[in-house]
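Chain letters run A, B, ... following the sequence lines, proteins first, then strands; residues in each count from 1.
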2 protein chains.
Amino acid sequence: MTSMPPEERIGSHIKRAEQALLAAKTTACKPAAVTVPQYAALLWLAEKPGISAAALARLCGVTAPTMNTVLKNLHERGLVERTPHEWHRNVLETRLTPEGRAAMELADAGAVRVERALAAAFSPEEREQLVALLGRCAEVLDALK
Amino acid sequence: MTSMPPEERIGSHIKRAEQALLAAKTTACKPAAVTVPQYAALLWLAEKPGISAAALARLCGVTAPTMNTVLKNLHERGLVERTPHEWHRNVLETRLTPEGRAAMELADAGAVRVERALAAAFSPEEREQLVALLGRCAEVLDALK
DNA sequence: TGCCAAGCATTAGAACCCTAACTACTCTTC
DNA sequence: GAAGAGTAGTTAGGGTTCTAATGCTTGGCA
């Protein structure tokens with residue numbers, strides 16, 4: 001009595017691929033003892049040292065409170081340090097510690113391995129198609145908001 | 001110093017599409033006052049009344065403890081009922097209540113609306129391509145496990 | 001000068017999701 | 001009949017995610 005069978009729902013295929021991706025990245029990040037969101041934050045921090053938590057949240061596609069908890073966990077483990085900004089007393093500048101950089105590089109090696117394996121499964125044209133089609137998905141769904 | 005730019009990572013495009021999908025479905029489920037995972041559980045329960053929580057978890061692609069918490073929330077709100085199985089005393093049969101069915105139908109209307117809008121953005125050939133490419137993604141990533 | 005909008009950080013509360021571990025029951029096999 | 005395998009349910013604990021709300025600082029504007 002269902003109005004639309006699961007197989008015909010494009011969303012279920014997107015979700016399935018994303019689940020597999022998350023699982024693969026989780027195991028890839030395991031040697032570094034960080035989670036996937038933690039790795040994402042560390043990766044952006046390596047590229048933009050001293051960024052604010054709010055800006056980092058935007059880059060990672062999460063909300064500020066979410067990034068707050070991620071950074072809290074990273075800070076408790078000594079992977080990042082947070083120092084007050086010179087002028088904007090309210091802003092905390094976040095940076096990688098040496099341990100944080102090491103963890104990021106270890107996790108990145110695993111993540112890149114996953115990405116390379118994924119990319120290797122497609123021809124350059126297929127890759128381009130896939131990215132384009134996914135982009136249109138995001139566009140349509142965002143417009144639906 | 002990053003080994004691979006984000007734009008070249010197929011995974012980031014998959015994640016982006018999935019995020020947009022989740023956001024769209026979340027708003028679509030809002031009139032029924034259920035979350036997306038709750039809607040997924042209700043949808044399968046409508047199709048397979050009396051299913052066990054473990055089997056439902058497998059259908060929804062989550063673990064048994066996760067489904068346990070989802071069902072607990074649904075049960076507290078009176079959307080599902082759970083009765084002991086006749087023979088297998090250990091099994092709890094889960095069924096929709098009338099309120100649960102109403103919520104499912106309301107949420108399903110919104111979810112189908114999202115799926116139709118998504119499908120309308122592609123030609124039949126493109127749709128087929130997208131599903132095939134996503135399937136290959138899941139396959140490759142699962143093999144990586 | 002003083003007010004106010006904007007941005008940053010944080011807390012609280014709810015929900016989801018996982019792994020790990022434990023308990024209970026059924027069914028098969030010896 | 002009894003041991004073991006398999007399945008179901010649950011608890012515990014850590015982590016991520018959201019919305020809503022609060023407090024703080026800064027900079028623009030009257």
Between dC18(D) and Thr63(A), is there an OP1 or OP2 to side-chain N/O distance shorter than 4.0 Å? yes
Separation of dC16(C) atom P from Tyr39(B) atom OH, nearest Å, is 15 Å
So that I can tick it off, tell me whether Asp142(B) and Arg16(A) are bridged by a salt bridge, with the cut-off set at under 4.0 angstrom between side-chain N and carboxylate O. yes
I want to check one thing: is the phosphate of dC16(C), taken as OP1 and OP2, less than 4.0 Å away from some side-chain N or O of Thr66(B)? no
Minimum heavy-atom separation for Gln19(B) and Gly61(A), please, with both atom names. NE2-O, 3.2 Å
Pair Lys25(B) + Glu115(B): basic N to acidic O under 4.0 Å: yes
dC16(C) OP1/OP2 closer than 4.0 Å to side-chain N/O of Thr35(B): yes
Counting only side-chain nitrogens and oxygens, does Arg58(B) get under 4.0 Å of the OP1 or OP2 atom of dT7(D)? no
What I'd like to find out is whether the side chain of Thr83(A) reaches to under 4.5 Å of the side chain of Leu92(A), using heavy atoms alone. no
Please determine if a side-chain N or O atom of Arg82(B) lies less than 4.0 Å away from the OP1 or OP2 oxygen of dA8(D). no
Without decimals, in angstroms, what is the distance between Lys30(A) NZ and dT19(C) C1'? 8 Å
Determine: side-chain N/O of Asn68(B) to OP1/OP2 of dT10(D), distance under 4.0 Å, yes or no. yes
Let me know the distance between CE of Met67(B) and C1' of dC16(C), rounded to the nearest Å. 11 Å
Taking atom P of dT17(D) as reference, at what distance in whole Å does atom NZ of Lys25(B) sit? 20 Å
Comparing Ala53(A) with Arg77(B), nearest DNA chain C nucleotide closer to 5' gives the residue Ala53(A)
Between CD of Glu18(B) and P of dT16(D) the distance, given in whole Å, is 18 Å
Measure from CD on Gln19(A) to C1' on dC16(C) and round the result to the nearest Å. 12 Å
Starting from P on dG9(D), measure out to CG on Leu56(B) and report it in whole angstrom. 10 Å
If I take atom NZ in residue Lys72(B) and atom C1' in nucleotide dT11(D), what distance separates them, rounded to the nearest angstrom? 11 Å
Give the nucleotide from the list dA8(D), dC18(C), dT10(C) with an atom nearest to the side chain of Val62(B). dC18(C)
N or O in side chain of Asn73(A) less than 4.0 angstrom from dT16(D) OP1/OP2: yes
Of the candidate nucleotides dG9(D), dT17(D), dT11(D), which contains the atom at the shortest distance from the side chain of Val91(B)? dG9(D)
With side chains defined as the heavy atoms from C-beta onward, is the minimum distance between Ile51(B) and Trp44(B) less than 4.5 Å? no
Looking at Gln38(B), does any N or O in its side chain come under 4.0 Å of the phosphate oxygens OP1/OP2 on dC16(C)? yes
Need one value for Thr69(A): base, sugar-phosphate or nothing, where a base atom within 4.0 Å counts as base even if backbone is also close, heavy atoms only. base
